[in-house]
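Structure first, then comments.
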Amino acid sequence: MTSYVGRSEAERKEMLHAIGVGSMEDLLDPVPAALRAKARIELPGAMSELDVRRRLRELSLRNIDPDGVSCFAGAGVYDHFVPAAVRHLLSRSEFSTCYTPYQAEVSQGTLQAIFEFQSLMCAVTGMDVCNASMYDCATAVAEAALLAVSATGERRILVSACLNPHYVDVLKTYCTPTNIEMVEIPEDAGVTDLAELESALGLGAACFIHQQPNFFGVVEETSGIGRLLSSSKALLVSCVDPISLSLLEPPSTYGADIVVGEGQGLGNAMSFGGPLLGFFAARKDYVRKLPGRIVGLTSDVRGRRGFVLTLQTREQHIRREKATSNICTNQALVALAATVHVSLLGEEGMREVAEQCLSRSHFAAECLSQLKGFSLKYDRPFFKEFLLECPVSAEALVEALFDEGILGGVPLSRFSGRAELLLVAVTEKRTRKEIECFVDATRRASERLPRA
Amino acid sequence: MDELKRKTHGEPQGEGPRLEAEPLLSELHSQGHGSFVAPALDVPAVRAEDAIPSHLLRKESQGLPELSEPEVVRHFTRLSSMNYHVDKGMYPLGSCTMKYNPKLNEEVASWPGFAGLHPLSPLVGAQGALELMCLLDEALRAVTGMSQFCLHPAAGAHGELAGMMMVAAYHRDKKNEKDTVIIPDSAHGTNPASVNLAGYRVAEVKSGKNGCVSAESLRQVADERTAALMLTNPNTLGLFEEEVLELAEVLHGLDGLMYLDGANLNALLGVAKPADMGFDVVHINLHKTFSTPHGGGGPGSGPLGVNEKLRPFLPVPRVEKEGTRFVLRDHEPKSIGRIHSFYGNFAVMVKAYAYILSLGGEGLEAVSRESTLNANYLKALLAPHFELPYDRPCMHEFVLSGSRQKEAGVRTLDVAKRLLDYGFHAPTVYFPLIVDEALMIEPTETETKRELDRFAEAMQAIAEEARKTPEVVKLAPVATPVGRLDEGKAARELRLKW
């Protein structure tokens with residue numbers, strides 16, 4: 001039996017003697033006997049390392065083998081390339097087996113890396129400050145709304161209908177207990193309806209939350225959104241794909257107050273949707289209201305540069321019920337992956353990846369929309385993802401493609417959307433050959449499947 | 001220093017004082033060093049200005065640093081060498097359960113069948129992942145006696161929040177008029193913060209002289225407005241709440257709910273099941289009890305377990321077995337809703353499940369016994385040198401006070417910093433708040449007797465230094481990559497990026 005405990009019976013006896021008790025069970029005397037009597041854990045016995053591997057191998061083989069599959073699925077999580085050096089550095093136990101840097105003098109590696117993460121995300125988004133990370137984009141959106149409510153005193157938030165529906169769901173969960181009112185700003189042909197936004201803003205709001213590119217992949221007219229928000233006291237919360245920001249204007253230029261996003265695509269595996277990487281950046285006016293950890297630069301007793309957790313009076317371990325958020329453990333190692341990834345790619349590499357996403361997705365969209373009965377749902381600019389209108393059920397199509405080793409996108413029915421809509425994402429990893437196979441398999445499947 | 005060398009590692013830990021700080025990425029940047037090569041573009045190139053209106057495009061560069069791969073690898077490797085970590089030595093942070101992280105678990109979680117899986121793959125291609133989540137749920141039920149787990153919370157505090165939201169949903173559903181959650185004065189800071197986010201007021205119940213909450217003191221605070229009691233058991237003093245069954249009776253008599261902060265579950269495996277103690281809802285931490293690495297502050301995982309009463313309110317989507325197929329269920333009318341973009345930190349679940357398989361039922365039961373042995377043994381070794389405010393048998397952790405050292409002008413913070421010089425991570429300090437100059441020590445079961453003895457020697461040596469040469473302790477740390485850092489300056493000057 002292994003519990004990863006190195007102990008001989010003689011040592012155990014010696015220790016019990018030092019404590020002054022007779023047996024291991026005597027140690028448990030503080031626990032009422034009635035509870036102990038029922039506490040046996042009815043699970044099978046210990047397994048050898050080899051057997052655990054075999055068991056888990058069986059389970060993993062019941063999932064898609066990603067090496068044999070071309071992934072065109074997105075909707076928040078994307079199949080971007082991850083350089084080997086990212087995985088190598090992440091696997092160093094100096095980074096993976098430490099905890100929150102409470103003792104700064106022996107945590108400078110983690111602290112400086114977080115400071116660099118904050119700096120890189122500020123550069124990408126154009127914002128003044130960024131925290132150490134959030135669980136994912138959905139919870140970052142929710143915390144942004146809570147910040148806006150606290151900063152403005154308004155208890156009504158406006159949410160674009162083009163925001164990822166899962167993020168909307170999480171936002172709803174966070175708003176329910178404290179009765180924060182959520183108002184959906186409808187969509188008009190794939191983008192936020194600005195006339196509706198304008199009239200909703202007129203009634204007062206804590207914030208407006210939008211996504212760029214939006215859930216349907218469309219690059220929205222952010223300048224229009226920014227103009228409307230500039231004459232309102234509501235905060236503008238922008239939810240972004242950091243990779244798109246190598247091409248798109250940073251949210252700071254259209255007046256965003258808070259920028260959140262999903263950083264999984266920066267150096268992290270898809271891992272069935274977790275761990276992900278929420279990030280939370282803002283204008284400096286809101287630095288004292290930010291949720292979560294923040295690292296600041298300082299110096300040691302001899303004047304050498306060093307880093308510490310700072311502004312901790314915002315946080316739960318100091319402020320308790322008055323804290324800006326309850327977040328404690330976040331996604332530090334995932335943020336480190338993003339930091340390493342962006343360092344390896346650099347300005348040029350990041351731009352190249354973004355340009356390839358643009359070219360490859362446009363090639364795929366062009367080919368797919370030429371198939372009989374298929375068209376792009378919206379004739380709008382897009383970056384790496386687009387909504388395809390199919391003559392057949394998107395779910396049936398995805399299942400048919402799956403048999404050919406293609407993950408052909410995300411049927412909108414998984415988000416309670418219309419059955420013939422398919423959300424297709426194309427990253428820099430998809431080759432022309434993969435795209436052509438995808439298109440060809442789609443053609444063949446659509447001829448076979450019943451009309452929608 | 002000679003004393004220190006003889007008694008501990010033979011030499012101070014860390015790399016010794018550095019003359020130069022590790023440069024920032026921005027300082028290492030050199031135009032033209034970037035070495036990333038993208039695959040050749042085998043489709044027609046689309047220029048951004050042709051696809052997207054120019055006013056929506058970036059006008060200026062981002063200013064991201066350009067470095068070669070060797071420069072990046074050296075930078076982060078040098079940074080890593082400035083971290084203390086569990087693979088290097090004992091990390092006795094109380095309530096954080098810094099146990100050894102088995103390497104097998106890291107490897108299996110990185111397999112393509114797990115790591116490469118898109119969360120919106122057709123369910124037919126994700127059956128293994130869904131089954132693993134069900135198996136982990138079953139194992140956690142066996143450990144805790146709860147009826148069902150939701151694995152979505154990405155950390156303990158996330159689980160607390162979702163749990164408190166379920167408490168609120170339960171009372172709304174029953175049309176109970178509740179506005180308060182009771183929390184002991186020894187509770188983790190996340191507890192009151194989570195309660196507040198769930199829309200409740202916090203009421204505090206004082207722990208008694210024995211460090212525990214008595215049913216009598218609870219009765220003085222609890223009334224019909226009480227939604228729940230949020231309890232950590234063993235509590236943050238490492239003491240088992242002996243009256244827990246009576247506490248549950250008080251709460252249930254008011255149709256209040258019992259919430260267990262399972263941060264200290266490492267003491268309970270095969271010792272006492274949360275369900276048997278009367279808890280209706282519990283969050284646990286896979287990154288504590290179930291050995292997944294802490295990652296420098298995440299990713300963690302904070303599964304939420306409930307009894308039948310609260311089952312309808314669990315978050316969605318739920319993973320369930322329908323015949324021979326595993327499915328995700330989204331539409332549950334009483335659910336509090338979705339709490340994560342997808343299903344939580346799946347990779348962490350894989351690691352925890354591998355750990356549970358490795359240990360089996362008996363191995364898990366041994367964990368709590370060995371961790372309790374370690375804590376009581378270390379407490380016995382340290383009791384002569386430090387104040388022990390609650391001199392009672394502890395579970396998996398215990399709390400000392402630095403009050404004696406404080407009289408000599410040496411604060412707990414100084415003791416903690418000096419421990420770094422001796423090659424150990426410090427315990428949790430200044431928590432729980434009810435202990436003056438608190439040092440909260442959790443050795444975990446994976447520390448050997450030899451390591452505990454060495455730690456005790458270091459603590460004894462520091463206690464001696466505090467008496468004889470307090471200035472040495474107050475100047476610590478000296479053997480770390482940087483000396484004591486100025487937190488006040490960081491907060492005043494607020495330099496949060498380069």
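Numbered from 1 within each chain, the chains take letters A, B, ... in sequence-line order.
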Does any heavy atom of chain A fall under 4.5 Å from the side chain of [X], the backbone, both, or neither of them?
{"X": "B/Ala157", "result": "both"}
{"X": "B/Phe114", "result": "both"}
{"X": "B/Leu245", "result": "side chain"}
{"X": "B/Leu494", "result": "side chain"}
{"X": "B/Gln127", "result": "both"}
{"X": "B/Pro477", "result": "side chain"}
{"X": "B/Met98", "result": "side chain"}
{"X": "B/Leu93", "result": "side chain"}
{"X": "B/Phe76", "result": "both"}
{"X": "B/His188", "result": "backbone"}
{"X": "B/Glu493", "result": "neither"}
{"X": "B/Ile356", "result": "side chain"}
{"X": "B/Asn376", "result": "both"}

Residue [X] versus chain B: region with a heavy atom under 4.5 Å:
{"X": "A/Phe95", "answer": "both"}
{"X": "A/Tyr167", "answer": "side chain"}
{"X": "A/Tyr174", "answer": "both"}
{"X": "A/Arg7", "answer": "side chain"}
{"X": "A/Leu336", "answer": "side chain"}
{"X": "A/Met15", "answer": "both"}
{"X": "A/Leu27", "answer": "both"}
{"X": "A/Ser246", "answer": "both"}
{"X": "A/Glu58", "answer": "neither"}
{"X": "A/Val353", "answer": "side chain"}
{"X": "A/Ser343", "answer": "both"}
{"X": "A/Gln108", "answer": "both"}
{"X": "A/Leu407", "answer": "side chain"}
{"X": "A/Ser359", "answer": "both"}

So which residue, [options], ends up with the most heavy-atom pairs under 4.5 Å with chain A?
{"options": "B/Ser341, B/Ala45, B/Ala347", "answer": "B/Ser341"}
{"options": "B/Pro39, B/Pro119, B/Gly113", "answer": "B/Pro119"}
{"options": "B/Pro293, B/Ser121, B/Ala426", "answer": "B/Ser121"}
{"options": "B/Gln62, B/Arg392, B/Arg495, B/Met165", "answer": "B/Gln62"}
{"options": "B/Ala38, B/Ser291, B/Gly156, B/Ala416", "answer": "B/Ala38"}
{"options": "B/Gly344, B/Ser80, B/Ala129", "answer": "B/Ser80"}

Under a 4.0 Å threshold between the charged nitrogen and the carboxylate oxygen, would [Y] count as salt-bridged to [X]?
{"X": "B/Glu445", "Y": "B/Lys99", "value": "yes"}
{"X": "A/Arg12", "Y": "B/Glu370", "value": "yes"}
{"X": "A/Glu315", "Y": "A/Arg293", "value": "yes"}
{"X": "A/Arg40", "Y": "B/Glu365", "value": "yes"}
{"X": "A/Arg36", "Y": "A/Asp29", "value": "yes"}

Among [options], who wins on heavy-atom pairs under 4.5 Å with chain B?
{"options": "A/Ser96, A/Gly349, A/Gly296", "value": "A/Ser96"}
{"options": "A/Ile327, A/Ile318, A/Ile435, A/Thr329", "value": "A/Thr329"}
{"options": "A/Gly306, A/Pro250, A/Pro83, A/Ala18", "value": "A/Pro250"}
{"options": "A/Cys71, A/Ser299, A/Ala123", "value": "A/Ser299"}
{"options": "A/Thr173, A/Thr100, A/Val287, A/Leu276", "value": "A/Thr173"}
{"options": "A/Asn63, A/Leu35, A/Leu333, A/Asn330", "value": "A/Asn63"}

Open item on the list: Parallel, tilted or perpendicular, judged at 30° and 60°: which one describes the rings of B/His425 and B/Tyr91?
Closed with: parallel
Open item on the list: Would you call the rings of B/His118 and B/Phe342 parallel, tilted or perpendicular, taking 30° and 60° as the class edges?
Closed with: perpendicular
Open item on the list: Between B/Thr480 and B/Val482 (side chain of the first, backbone of the second, donor and acceptor by atom type, cut-off under 3.5 Å), is there such a pair?
Closed with: yes
TODO: Keeping the roles fixed (side chain from A/Arg305, backbone from A/Leu297), state whether a donor-acceptor pair exists under 3.5 Å.
DONE: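 Absent.
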Open item on the list: For A/Val295 and A/Thr110: C-alpha separation, side-chain torsions, deciding distance, then whether side-chain contact (heavy atoms from CB on, under 4.5 Å) applies.
Closed with: CA-CA 10 Å; A/Val295 170; A/Thr110 295; over 6 Å; no
